[in-house]
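This is a predicted model, so every value here is computed, not measured. Every heavy atom of this structure was used, including side-chain atoms; hydrogens, water molecules and symmetry mates were not. Here is the naming used below: chain letters follow the sequence lines, and residue numbers restart at 1 for every chain.
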Protein chains: 2
Amino acid sequence: MKLNNTTISDIAERANVSKSTVSRVLNDKSIVNQRTRTTVLEAMESLGYEPNIFARSLASGRSMTVGVVTQKIGSPFYDTIMQGVIQGFSGTGYSPLFVDGQWEEGTELQVIQTVLGRKVDGLLLLGGDVSLSDLDQLRKRLPTIVIGKELPGWEGQCVYVDNRAAAYEATKHLIDFGHRDIALVRGIKHHQDAIRRYEGYADALADSGIELDPDLVIEGNFSAQSGILAVSSLLMRGKVFTAIFCANDMVAYGARLALQRSGIRVPEDVSIIGFDDQAESAFVTPPLTTVRQPGHEIGVAAAAGLLSLMRDEPCELPVMKAELQRRESVARI
Amino acid sequence: MKLNNTTISDIAERANVSKSTVSRVLNDKSIVNQRTRTTVLEAMESLGYEPNIFARSLASGRSMTVGVVTQKIGSPFYDTIMQGVIQGFSGTGYSPLFVDGQWEEGTELQVIQTVLGRKVDGLLLLGGDVSLSDLDQLRKRLPTIVIGKELPGWEGQCVYVDNRAAAYEATKHLIDFGHRDIALVRGIKHHQDAIRRYEGYADALADSGIELDPDLVIEGNFSAQSGILAVSSLLMRGKVFTAIFCANDMVAYGARLALQRSGIRVPEDVSIIGFDDQAESAFVTPPLTTVRQPGHEIGVAAAAGLLSLMRDEPCELPVMKAELQRRESVARI
DNA sequence: ATGAAAGCGCTAACAG
DNA sequence: CTGTTAGCGCTTTCAT
């Protein structure tokens, strides 16, 4: 823990070389005599040299920083993604600069402008509602990768979970267990994930020859409250259902609470499936069957992809698969 | 969304003034003729000028960035703190640079060094195990505030929750409801919060004339797993207890699950209290009585405090109070 | 393989 | 109130 004012000149003087040479060993790439390199390295060591990132960035035009713009919709899924991103950049020389669109002032685009003002070398966008055309503009300006959205024309440069397949699998699981009257608590109406999950649900029903009852599909907003509301609505309208597929785990918690408050047992009377596999879900009663999204891998992959892009290499991000975690909140009927 | 290469010189030329004048209107502080100021502003506007943060930092020696070093022990409490921090800095001109000690390579001190290398103007340390002497060194070098730890000599410059009082209140609540055999699942042994909560528990018992039974105090590690283990241990040893005060909500979930798996009902047979008030806790069955820590306020306060310090103003951070959220996981006996 | 020199874009005395 | 003059610490041609 020591103060640090030593500059490249100090170590140049100490090592009896020019600043340029010091710079060269600093940046590795160009060839330096093994002898002088060692001398320089020693000088840096003994002087406790630490490069000034600003001088470096100003001179080189690169900041070694990437902007990560999040919306943090409150999903623990996003937290795992961020951890993956952090890990993905760790040791690469690039530092992620996180900006939360939710808390910063102004619109998402303004937030991005701010990040751009920080002269980031690349951009990682988590979710968000930036228009495709703006995204296309952005991409022209600097390496950009979008997480959590499927974007036309961005194949390989956006990474997301195959929500449709995951929802299909979940619904199929319910059907396999004998359920036919399966309610769906959707996420926010125009949210891409919500739509894909709806499609998976609908497809699974169709493939099993079960007619989709629109009254069994309730719109929600990913909150526990919306799970409670959905169940109330279902109950109030006297709809028959033996299972509920929820937009996420929080919704499932709400739904379960509402059910139990009405004397309906889970899973004896009604089975429940969530989405996200939050840490708690394995420990609630009954443990919640849910879909685990590979947030961490997504974060790591996105970071790696951006790294490639910044090196002008191609980037082929795959579509990620989510996995059903079968637990006790689903019973045979 | 436009490319941005305009520099201070461009706008100086365009406005027929010197770079200095442009710099002056940029930095407000010094007085500029209203006329010229407007001209300059217009020039900036029309050219879409955006200052180069690196040039600015290099020249001024200030980075307008503060380092936020977290340990992210997985507690949602820390997430709310971070949001508070983000909000606290939003609109101040300072950007928080988050670094997660858990994921970065190297020890916590190395992580801090890295942050220092980014020439941050201030430091916000969340939790962590940096020694007091290192912290004192750090503080000499740049404005520093510690969140979540009570540090001797740092009065007003560290902000934390009065865990002892909170634990006292929780335990007292249990006692008021008739409980006398109250188990405690502690947090990690030397963790300051765990110690303070233990003290609060012990004091509450003592004040009510209840003898503390050491066998009822189990060491855990803040995980659901440790809640399960604790209950197993208690049960296996045939200890009598009617309530459990848990290190946090995750532990409470684990404890509850273990209890229920042994046919013990919550709260009819055993009452449970957690700590943290995670979002889920209001929606599990039964809703968990727990302690809400004001994470958001802590984050905002810490940011404000650091801002003061960076302006060379004194900073008087208060001790924060946590609040018991009474829900159905506690029953009268 | 190494050095000299010219900036990167901005701030900060210092004059005037 | 405004212009001039030096740098901040590093990268990067261009020579050598």
Side-chain angles (χ1 to χ4, degrees), chain A residues 3-44 47-65 93-95 116-121 310, chain B residues 3-44 47-65 93 116-121 310:
Chain A
L3 205 35
N4 215 323
N5 300 338
T6 47
T7 80
I8 206 182
S9 308
D10 298 332
I11 98 112
E13 184 173 341
R14 172 80 107 101
N16 281 313
V17 294
S18 70
K19 298 195 306 176
S20 331
T21 304
V22 178
S23 177
R24 286 188 183 100
V25 348
L26 223 39
N27 298 292
D28 251 353
K29 249 23 264 173
S30 49
I31 319 155
V32 178
N33 182 310
Q34 196 52 241
R35 248 198 197 60
T36 49
R37 145 172 271 108
T38 321
T39 325
V40 170
L41 252 17
E42 281 170 2
M44 302 209 298
L47 265 46
Y49 172 74
E50 186 96 27
N52 181 320
I53 192 174
F54 295 115
R56 190 202 286 257
S57 299
L58 179 59
S60 72
R62 276 167 286 114
S63 68
M64 299 308 279
T65 305
Y94 285 90
S95 300
L116 258 28
R118 291 255 162 193
K119 301 282 183 274
V120 295
D121 296 331
M310 292 190 302
Chain B
L3 206 35
N4 215 323
N5 300 338
T6 47
T7 79
I8 206 182
S9 308
D10 299 332
I11 99 110
E13 184 173 340
R14 174 80 108 99
N16 281 313
V17 293
S18 70
K19 298 195 306 177
S20 333
T21 304
V22 178
S23 177
R24 286 188 184 101
V25 348
L26 223 39
N27 297 293
D28 251 353
K29 249 24 262 173
S30 49
I31 323 153
V32 178
N33 182 309
Q34 197 49 240
R35 247 196 198 60
T36 48
R37 147 171 270 108
T38 321
T39 324
V40 170
L41 253 17
E42 282 170 1
M44 303 210 297
L47 266 47
Y49 171 75
E50 186 96 27
N52 181 320
I53 192 173
F54 295 115
R56 191 202 286 255
S57 299
L58 180 58
S60 71
R62 276 168 285 114
S63 68
M64 299 308 280
T65 305
L116 258 28
R118 291 257 164 193
K119 301 283 184 270
V120 295
D121 296 330
M310 292 191 301

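- Of all non-hydrogen atoms in B:Val25 and B:Val32, the two that sit nearest each other are N-CG2, 4.2 Å.
- Looking only at distances, no side-chain donor or acceptor of B:Ser23 sits under 3.5 Å from a matching main-chain atom of B:Lys19.
- Considering only side-chain atoms of B:Ala59, the nucleotide from D:dA6, D:dC8, D:dT11 that sits closest is D:dC8.
- Contact check, A:Thr21 against C:dG3: a side-chain N or O comes under 4.0 Å of OP1 or OP2.
- Between the side chains of B:Thr65 and B:Arg118, not a single donor N or O lies within less than 3.5 Å of an accepting N or O.
- Map A:Gly61 and A:Ala55 each onto its nearest nucleotide of DNA chain D; the residue landing nearer the 5' end is A:Ala55.
- Atom CG of A:Leu58 and atom P of D:dG7 are 17 Å apart (whole Å).
- Distance A:Asp10 CG to D:dC8 P: 11 Å, rounded to the nearest Å.
- At a threshold of 4.0 angstrom between heavy atoms, the contacts of A:Val22 with the nucleic acid are absent.
- Residue-to-nucleotide contacts include a donor-acceptor pair under 3.5 Å from the side chain of B:Ser20 to the base of D:dT4.
- Separating the CZ atom of A:Arg56 from the P atom of D:dT11 is a distance of 5 Å, rounded to the nearest angstrom.
- Mapping A:Arg24 and B:Ile53 onto DNA chain C by nearest heavy atom places A:Arg24 at the nucleotide closer to the 5' end.
- A:Phe54 and B:Leu58 get closest at one heavy-atom pair: CB-N, 4.1 Å.
- Here the P atom of nucleotide D:dC1 and the CG atom of B:Asn27 are 17 Å apart, to the nearest Å.
- Contact annotation: A:Arg62 side-chain N/O to D:dC10 OP1/OP2 distance is not under 4.0 Å.
- The separation between B:Leu26 atom CG and C:dT11 atom C1' is 10 Å, rounded to whole Å.
- If you take CE of A:Met44 and P of D:dC10, they are 11 Å apart, rounded to a whole angstrom.
- Annotation: of the two residues near DNA chain D, A:Ser57 and B:Ser18, the 5′-most nearest-nucleotide partner is B:Ser18.
- Side-chain atoms of B:Thr39 and B:Thr36 form no donor-acceptor pair, as typed in the model, at a separation below 3.5 Å.
- In terms of phosphate contacts, B:Ser23 brings a side-chain nitrogen or oxygen within less than 4.0 Å of OP1 or OP2 of C:dT11.
- Listed pair A:Asn52 / D:dC8 fails the phosphate criterion, with no side-chain N or O lying under 4.0 Å from OP1 or OP2.
- Atom CD1 of B:Ile11 and atom P of D:dG3 are 12 Å apart (whole Å).
- Of the residues near DNA chain C, A:Asn33 and B:Phe54, the one whose nearest nucleotide (by heavy atom distance) lies more toward the 5' end is A:Asn33.
- Distance B:Asp28 CG to D:dC1 P: 14 Å, rounded to the nearest Å.
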